[in-house]
Amino acid sequence: MSMTPPGLFEHARQERLKKEAPLAARMRPRTLQEYIGQRHLLAPGRLLRRAIQADRLSSLIFYGPPGTGKTTLASVIANTTKSAFVTLNAVMTGLADLKAVTAEAQRKQGEYGQRTILFIDEVHRWNRAQQDALLPWVENGTVILVGATTENPYFTVNRALVSRSRIFQLKPLDDQEVRQVLRQALEDPERGYGKLKVRLEEEAMAHLANVANGDARAALNALELAVETTPADGDGVIAVTLAVAEESIQRRAVLYDREGDCHFDTISAFIKSMRGSDPDAVFYWLAKMVYAGEDPRFIFRRMLIFASEDIGMADPQAVPFVHACAEAFDRVGLPEGHFPLAHAALYCATAPKSNSVLGFFDALKLVEKEREGEVPNHLRDASRDKKGFGHGVGYRYPHEYRDHWVAQQYLPSFLQGRVFYQPGELGYERTLSDQIRRRRELQLAALRETEQQAPREILTFSPPEKGAEQWLARTVDSLAGFLAQLRTELFRKHPLQRHERVLDLTADSGLLTWEAVRQVPEGGVWALVRTPEARDVLWEEAANLPELRRPQILVGSPEDLPALLQGRGEADLRFELILGRNALGRLPRRREALAHLAFLLEPGTGTLALAETLPRRGQRLSLLLEGFSLPPEVREAEERLYHKKGDPLLDWDVEELLQEAREAGLGHPAVSLLESRRTQLLPAAVLQRWLDPEAPGSYAGRLKEAGLSPEALRKFQEAMATLAGKAVAIHSVVALLEASRPG
């Protein structure tokens, strides 16, 4: 009798589960090409995409709301990597499962040299003990952690694990991306509905994309319900109309967890909107909390705190008013209780604001940190020992004086003049302000006390620096002052986010390259150098960095960039920032080069930032020779030289630069000027190159071409030769060009 191997039953069961799985599970992308959304992490050139493609992952934590693709991204990694890939769900597993995984990972590492990637879904669900147990295996490289969490990992994940992982934040998909997910499901014949005749009306798709609220899973679940419950017509067409779509997804999914980030972020937005006196925003955030089922009593508690902290003495009635609304809510209940809830929020939003009550906390901090101040003798209790110790003697009873006030010492002696309460200028408190200030002045004058203030504490910290960061810091700090100023100005044109892509057009010196590497640790830097020698130098310096943080080095000129990227398989690569110093000055076709750069910018967000020395406004060498009697024709020849038509090195200024940028298709080009007067040593070798009329492109040779007579040229050369080895003041003007690529 033949027997069927057990493995066949298991295989059949897995295949049946795949076919019967929900649409959202069946349509889970298998490759990066199928993945939709999260371009800030996975667009061509981003660090995460490069790490996945190169199979060189370090420990990662994916953080974001449901339906944004965290688990999906993990499955893409599983399909891409050659490492062993193990999945655990933190809700259903514990220490025993972790021990089994790490034991197997050690075996594979020892026997086959194979790495193990451990994906932990909902990693925040593991308690501290479980996370602590994972830490040693991550630290010694036995497993590479890939965690997924909907909660802020800085609050819910072991700090040691966080410090050893790169954290990538995923964002909700926009409507266009959700539409793309839906179209993908409709067209896929194997996993989706490509074999069926499904007609999804435009209004229905718009509704699904809108109400899904950036959650791809919710949109696919709604589409599945609509298709599976709608009968086909006589032609076999399943028509998903707006009415069908509305029934399939009737209520917008609002991301809200009473113990999670959205809870704290939303109440924070609500309070900050009240503090900013914006009633429209207050109503919006209040509505979001109510819609999501937040406990109104929690909201009332926060408004009661707000009434004291942020309204305070500007409107002393705020606390009793909010308290009265809270009592009204308890008496009325829901849904009518929404009226006093909204009433209290509106009152807080529109009331005058003062945070003067925070002065109490200044006093509290002072009591905690300062030496104890004795109670002044006249303020002490006189009921027990007035006769023995004289306590209370000298106290002046304010009610016996005009306006029920008298100047006397109330603070300890060493705190006389210390101010904790600063009256605001709004509402009721405005009526107190002048009176309190006048009384303080009188009190200090009467007591002849000098103002004493506790020394302020200076807080410093020294985070641990790894070798790469120390090396980068040394590289940046060694730059000369003027170059550092240029670097600062160029990077200021486009404040970088950590995940963005940068192209340095002039990386030979590394002036801009290493600052870019420092600012985009989760993005990428491409460095263009002119020669293989410069490439080798840059590679040698980059060896101090981890491999994935090293710049991608290209050899050529700006005009060669499209071909260079095409040769690397990166033709679709676009950059958020392209920058360079004197990248255009030597190019015979600047307009064409600018057009190439415009094409390489990310549409709508990419910025081009160039620092170009303006030769026409530069230093005339003859002006360095004020003590010499030079023929006037030297200066005349210099001016002809700098205005010679057709010379790409010298014949251009701001107007030409702006015109060429516009003709290249760059949007909103603008130029600001930066002047420099730097003292520079003139080595003899440099002067020799400048003064050799036969050397290609030399200053003397250009003067000769500009019509300078041999005799005048000789006198100029002799005078300039006297400057060899001396320091001279060189004047230059740099054009800082900023432009963008229209969206």
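Nothing fancy with the numbering, it's 1 onward along the sequence.
- Checking each of R590, R589, R530 against E559 for a salt bridge (Lys or Arg N to Asp or Glu O under 4.0 Å) leaves exactly one that passes, namely R589.
- Contact record, L57 with A51: CD2-CB, 3.9 Å, taken as the closest heavy-atom pair.
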Quiz item: Can you list the steps and then say if E547 with R550 is a salt bridge (Lys or Arg N to Asp or Glu O under 4.0 Å)?
Solution: CA-CA 5 Å; E547 184 173 346; R550 296 172 189 169; 5.0 Å; no
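- Applying the side-chain hydrogen bond (donor to acceptor under 3.5 Å, both in side chains) criterion to S672, with sequence neighbours excluded, gives no partner residue.
- No donor-acceptor distance shorter than 3.5 angstrom exists from the side chain of N79 to the backbone of V76, with no hydrogens or angles considered.
- For L713 against L708, the heavy-atom pair with the smallest separation is CA-CD2, 3.7 Å.
- A salt bridge is absent between E522 and R46; no separation between the charged side-chain nitrogens and carboxylate oxygens falls under 4.0 Å.
- At a threshold of 4.0 Å, the pair E489-R492 counts as salt-bridged, since one of the basic side-chain nitrogens sits closer than that to a carboxylate oxygen.
- Looking at every heavy atom in both residues, Q169 comes nearest to H40 through O-NE2, 2.8 Å.
- In this structure, D508 contributes its side chain and V529 its backbone to no donor-acceptor pair below 3.5 Å.
- Residue R620 places its CZ atom among more than 12 non-hydrogen atoms of other residues, nucleotides or ligands, all under 6.0 Å distant.
- With respect to the salt-bridge test (charged N to carboxylate O, under 4.0 angstrom), the residues E718 and K715 do not qualify.
- Cation-pi geometry between R574 and F599 is satisfied (NZ or CZ under 6.0 Å from the ring centre, within 45° of the ring normal).
- With N582 contributing its side chain and T613 its backbone, the two residues share a donor-acceptor pair below 3.5 Å.
- A side-chain donor from one of H731 and E675 sits under 3.5 Å from a side-chain acceptor of the other.
- Atom CD of Q688 has 12 or fewer neighbouring heavy atoms from other residues, nucleotides or ligands inside a 6.0 Å radius.
- W690 has its side chain within reach of L621: a pair of non-hydrogen atoms, C-beta onward, lies under 4.5 Å apart.
- The nearest pair of heavy atoms linking R501 to A43 is NH1-CB, 3.4 Å.
- Between the side chain of D174 and the backbone N or O of Q176 there is at least one donor-acceptor pair closer than 3.5 Å.
- Residues passing the side chain to side chain contact (heavy atoms under 4.5 Å, CB included) test with A670: none are found, sequence neighbours excluded.
- A donor-acceptor contact closer than 3.5 angstrom links the side chains of T513 and D504.
- Between R702 and E705, none of the side-chain N atoms (NZ, or NE/NH1/NH2) sits under 4.0 Å from a carboxylate O, so this pair counts as no salt bridge.
- The neighbour count for R159 CZ, taken as heavy atoms of other residues, nucleotides or ligands under 6.0 Å away, does not exceed 12.
- Contact check for L528 versus I553: no side-chain heavy atoms found under the 4.5 Å cut-off.
- Looking at H494 and E738, their side chains never bring a donor and an acceptor atom within 3.5 Å of each other.
- Listed here is the closest heavy atom pair of T68 and Q38: O-NE2, 3.2 Å.
- A salt bridge links E602 with R39: the closest approach of a Lys/Arg side-chain nitrogen to an acidic carboxylate oxygen falls below 4.0 angstrom.
- Checked by atom type, the side-chain pair E515/Q519 shows a donor-acceptor distance below 3.5 Å.
- Of the possible donor and acceptor atoms, none in the side chain of S698 sits under 3.5 Å from a partner among the backbone N and O of L691.
- What you find for P669 and A739 is that their closest heavy atoms are CA-CB, 4.0 Å.
- Using a 4.5 Å cut-off on side-chain heavy atoms (C-beta onward), Y63 and Y154 make no contact.
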